[in-house]
Each structure stands twice: as structure tokens, then as C-alpha cells.
Protein chains: 2
Amino acid sequence: MADKEVDFVSGFKVGEKLYRAGTDIVEEGLADHHIYTLYKGWACRYHMMEDGRRQILSVLLPGDLIGLQSAMFTEPEHSVSALTNVTLCVFERNRFFELYEKQPSLGFDVTWIAAHEEALVDDNLLTVGRRSAAERIAYLLVSLHDRLEPLGLVVDDSFDFPLTQYHISDALGLSLVHTNKTLKKLMQRQLIAISDRRVRIGDQLQLRELAKYEGNKRRPRPLI
Amino acid sequence: MADKEVDFVSGFKVGEKLYRAGTDIVEEGLADHHIYTLYKGWACRYHMMEDGRRQILSVLLPGDLIGLQSAMFTEPEHSVSALTNVTLCVFERNRFFELYEKQPSLGFDVTWIAAHEEALVDDNLLTVGRRSAAERIAYLLVSLHDRLEPLGLVVDDSFDFPLTQYHISDALGLSLVHTNKTLKKLMQRQLIAISDRRVRIGDQLQLRELAKYEGNKRRPRPLI
DNA sequence: CGACGGATTGAGGTTTATCAACGGGTGTGG
DNA sequence: CCACACCCGTTGATAAACCTCAATCCGTCG
């Protein structure tokens, strides 16, 4: 990353912000004049229907951008919730437009990020639409594994896992009870072990095969 | 749109291209050096698993961009199939990067489009994850209605509808048989009528209510 | 005429959801 | 300190939604 770009991004940054686990960072329909970068912790984008049904759209990990949609539209169409205590880098939304003028290459990177986010949601849609319950869970864990690994957050096939079963079911379009029972079967088969907010993958190969995981598409990532 | 921008986009355009219904415009894994704009006709983005399961990720209508992901990544991670005969405007992918340098406002618009596309997929994910079969079908038709209307393609509550039941099931994560039976019930309830590759919505209010449709978020659209 | 894509239908089975209840841990107020 | 509420996980029973298999029908096209 060129110095000029680093300078620009730094000047762009307004500060940092903390949120506690369980609180909302972005609320659907509430205009927000900031854009965030998830510096530390986990979050998730979700949408809630009036009758209470909830769908988690994607899980956000360190390095991910929060609020791109709100930046482009007048108000966000989904909420973002902190899954753990979280620290964010805050940027001025209004100055976002400058970025395209003054640092076109960064503008390009932002588009790249948007396309990347969409690809993630595409994958989730495939999972929810066409995989069985066991496959969905396997897929979720494997894909998280592969996103966490380059961040150095996987040690010895295991990683922190702040999602409750309630979150898992809402991410995968399953009921809570069925999620629980399916999880249990996977644990009995020794494919995974979950305890204490931590996952250990017992058998990478089998789990990937079960998941029908295709994701070896490593994409070089622009830093912003 | 400023004249300069129009000029730029025009200079950028390489030509037009036709595809016949049923053919693939973009194939997953096959690098493509072009970006397209869907000028006329319908298409869909889809992903196919090795065992034949297919998920349609989104339906593309006139004005939509095709190949943004392939432009950002080295190869596309989904295919695009023409649902009708289709005419495309073709742009040079290599010159795509120029756009950010020379017309930053257009770069911004491209990001906007990417965010918009993602919002569409978000909606589909919610639908597939949390709506019942009947709700999914209702949602699909209502959302298509609202996307077609501003294009002037809705007349008297009815519009062309090139999707087969096979497509519907793959878009909604349902089996073909169940799709058929659910469709029939909706037709018997007079909520919709489908015949001859055309849909007529019999009762907008009831259909929207069934769909739990929330989408009155009209977004002003940049032209590119 | 036969082949094929698309729609349709019935039967039967599997997956997944819903309901209801319980257990363990944690925090909080009395 | 205890009682209570609450969150999270667990479990069994039952019901509903959805899937698969198998067949048929119709229209189009070669």
C-alpha cells in the first residue's frame, strides 16, 4: 500500500469505538453518519421480520467493513450486532465521497470489498437454499475456519466461536431445536467439538467433504 | 448525468452481443475479459454444485450489470444464464480500471451498484432462510413486480415471466414438485395467474401481505 | 412418429419444525 | 446468603412441511 494511501486513510479515520457483546452497532432504518472497520471481535449482519423471524446475513470478522450499504443508501436495510465485545475504527461517512476523487485506487478497493461481501452472501444463500442441516453446519464452520486462518486466529484446528446455537440456527435458516440435535450428531461423529465458546474441528477432511466445501478461492485482499 | 460521463461510458462500450435463451453468458471459473450491461431480456446468476444441486442467486433484469464480480476477481464464482433471448452492451474489462481514475463519480456509482446487488441477495437469503414455500413464491413475484414496474414492463398488474417452475424452485430453495403444488394453491386462491410465460397478480394487497413484503425502499438509481 | 421440455399429480417417506419441559450457570435484588 | 429470573443448551413427543419417486399429459420440434 502506497504511503499516500496510508496517509489518506489515516486522515480519514475519526476514532475508535467500543461496543459490548449483544449490542447493535447499526440499526436498520436508522441513518448513521459513520462507516466502520471491524478492528477486533465478531459481529453479524442480520435482518429481522416483524413477526420475529430473524435471518443472519453474514458473520463479520476482523478487517471487515461495516456500514457500506448505509453509506451508499440513505438508511441501512439490515442491522449489525456485536457478537463479542468489539472495537471499531470509525470513519466519516461524508468524507467517503472524497475518497473516490482523491484516491481512485482506494475507490476501486471499496468496490472490490463490496463485490467480496456479495460473494460471501452468495455462498450463504447457496448453503441455506440447497444444503441439508448437517451440511449447513459443516459449511459454516469450515468457511469460518478458512476466514479466520489468515487472520492468525486458528490454533491447532480450533478457534473462538462466540455464536450461540440460536445464532447458528438464524444464520442457517434452521430451527433452534433441530440445530441442537444436528450439532450433537456431528459432535458424536467426532467431526467437531464445541465447548466454552470455542470450536475444534476434529476431522478437516471429512467435515469439508460433508460441507461440499468448494471454497479454495483465495482472493488477494486490498487493505483498507 | 453529465455529458462528460456519458461520453466516457460511450467510449468505453465495445459493442453489443446477443445470447439465446438458455445459453450461458458467464461460466463459473472461466475468465472473461468483458463486463456487460443487460440491455434487453432476463438472465439469472446461479451456482451449481457438483452433485447437480443448483441455487439461483438473483434474477437479472434490464439495466443490471453482469460480470462485476469477474471484473474484480480473476474468475467468476457463479455462472450467468440467459432466461430469454438477451441483448447485452459489452465493455472492456481492462479499461474498467480507467474509470476510477478518470471519472471518480462513475467509480462511486459502480460501488453503489455492487452494494445494491448485495442488498438484493440479502433479501433472497432472508426469503430462502425464513419464509415458507408460499411466502417465498409470493415474495419472488412481488419483488419482481416492483423491479419491473419502473422499467415500464408491468401492464395492468401483469408482466412477462420467463422462469420455468424449475427455475422458481432453484431460486427459492424448494423442490420442483413442491413448487408446483404451492403455485397451484396460490392460483386457486386467485392471488396470481400464470400462463403462457406471463404472470398476472390477482390481488396485490393479499400477495404482499402473504409475502411479508417490506420492500418499499425505492433507491434512486445511478445510470451506467 | 418419437423425443423432449415443461407442467401436473398421487403416494409415501424424510427432514425439519413446533411444543413443552428440564438442567445448569450466572447475575441480581431482597 | 438465598430466591428468582434469565440465558443457553438439551431432550422427547408430535406434527407439519417438504422431498423423492414414479407416472402421466400436453405441446413443440425435428
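All of these numbers come straight from a predicted model, not from anything done at the bench. Residue numbering restarts at 1 for every chain, and letters A, B, ... go by the order of the sequence lines. For the numbers below, each heavy atom of this structure counts, side chains included, while hydrogens, waters and symmetry mates do not.
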- What does the inter-axis angle of the helix from C:dC1-D:dG30 to C:dG30-D:dC1 come out as, five pairs per end, nearest 10 degrees? 30°

- Note on the structure: To the nearest angstrom, the CZ-C1' distance between B:Arg20 and D:dC29 comes to 13 Å

- Item | Sugar-phosphate only, base, or nothing, as touched by B:Arg197 at under 4.0 Å among non-hydrogen atoms | sugar-phosphate

- So which one's nearest nucleotide on DNA chain D is more toward 5', A:Arg130 or A:Leu183? A:Leu183

- Message: Tell me the interatomic distance from B:Lys184, atom NZ, to C:dA7, atom C1', rounded to whole angstroms.
- Response: 11 Å

- Closest to the A:Val177 side chain, choosing from C:dC19, D:dC18, C:dT9: C:dC19

- Message: I need the CG-C1' distance between B:Leu176 and D:dA23, as an integer number of Å.
- Response: 14 Å

- Query: Rounded to the Å, how far apart are B:His178 NE2 and D:dA17 P?
  - Reply: 8 Å

- How many angstroms lie between atom OG of A:Ser143 and atom CG of A:Leu141, to the nearest 0.5 angstrom? 7.5 Å

- Item | Interatomic distance where CG belongs to B:Leu83 and C1' belongs to C:dG5 [whole Å] | 15 Å

- Item | Within-4.5 Å side-chain heavy-atom neighbours: A:Lys181 and A:Lys185 | no

- Task: Quickly, which of A:Arg45, A:His116, A:Arg147 forms a side chain to side chain donor-acceptor pair (under 3.5 Å) with A:Asp64? Name it, please.
- Result: A:Arg147

- Item | Separation of atom NZ in B:Lys185 from atom P in D:dA16, rounded to whole Å | 13 Å

- Message: Near DNA chain D, counting only heavy atoms under 4.0 Å, which residues of residues 157-175 of chain B show up?
- Response: B:Gly173, B:Leu174, B:Ser175

- Check whether any side-chain N or O of B:Arg130 sits under 3.5 Å from a backbone N or O of A:Arg54 as a donor-acceptor pair, and report yes or no. yes

- Message: Determine whether a donor-acceptor pair (one donor, one acceptor, N or O, separation below 3.5 Å) exists between the side chain of A:Lys181 and the base of D:dG9.
- Response: no

- Separation of A:Asn180 atom CG from C:dA20 atom P, in whole Å? 18 Å

- Task: Report yes if some heavy atom in the side chain of A:Val154 is under 4.5 Å from a heavy atom in the side chain of A:Ile201; otherwise report no.
- Result: no

- Message: Distance alone, cut at 3.5 Å: any donor-acceptor contact between the side chains of B:Asp24 and B:Tyr46?
- Response: yes

- Query: Roughly how many Å is it from CG in A:Asp196 to P in C:dG24, rounded to a whole number?
  - Reply: 17 Å

- Message: Regarding B:Asp51 and B:Arg53, does a basic nitrogen lie under 4.0 Å from an acidic carboxylate oxygen?
- Response: yes

- Message: Does B:Thr182 reach a base, just sugar-phosphate, or nothing at all? Heavy atoms under 4.0 Å.
- Response: nothing

- Query: Any salt bridge between A:Lys212 and A:Glu135, counting N to O under 4.0 Å?
  - Reply: yes

- Task: Return yes if some donor-acceptor pair links the side-chain N/O of A:Gln55 with the main-chain N/O of A:Ala171 below 3.5 Å, else return no.
- Result: yes

- Query: Taking OP1 and OP2 of C:dT15, is either one under 4.0 Å from a side-chain nitrogen or oxygen of A:Arg131?
  - Reply: no

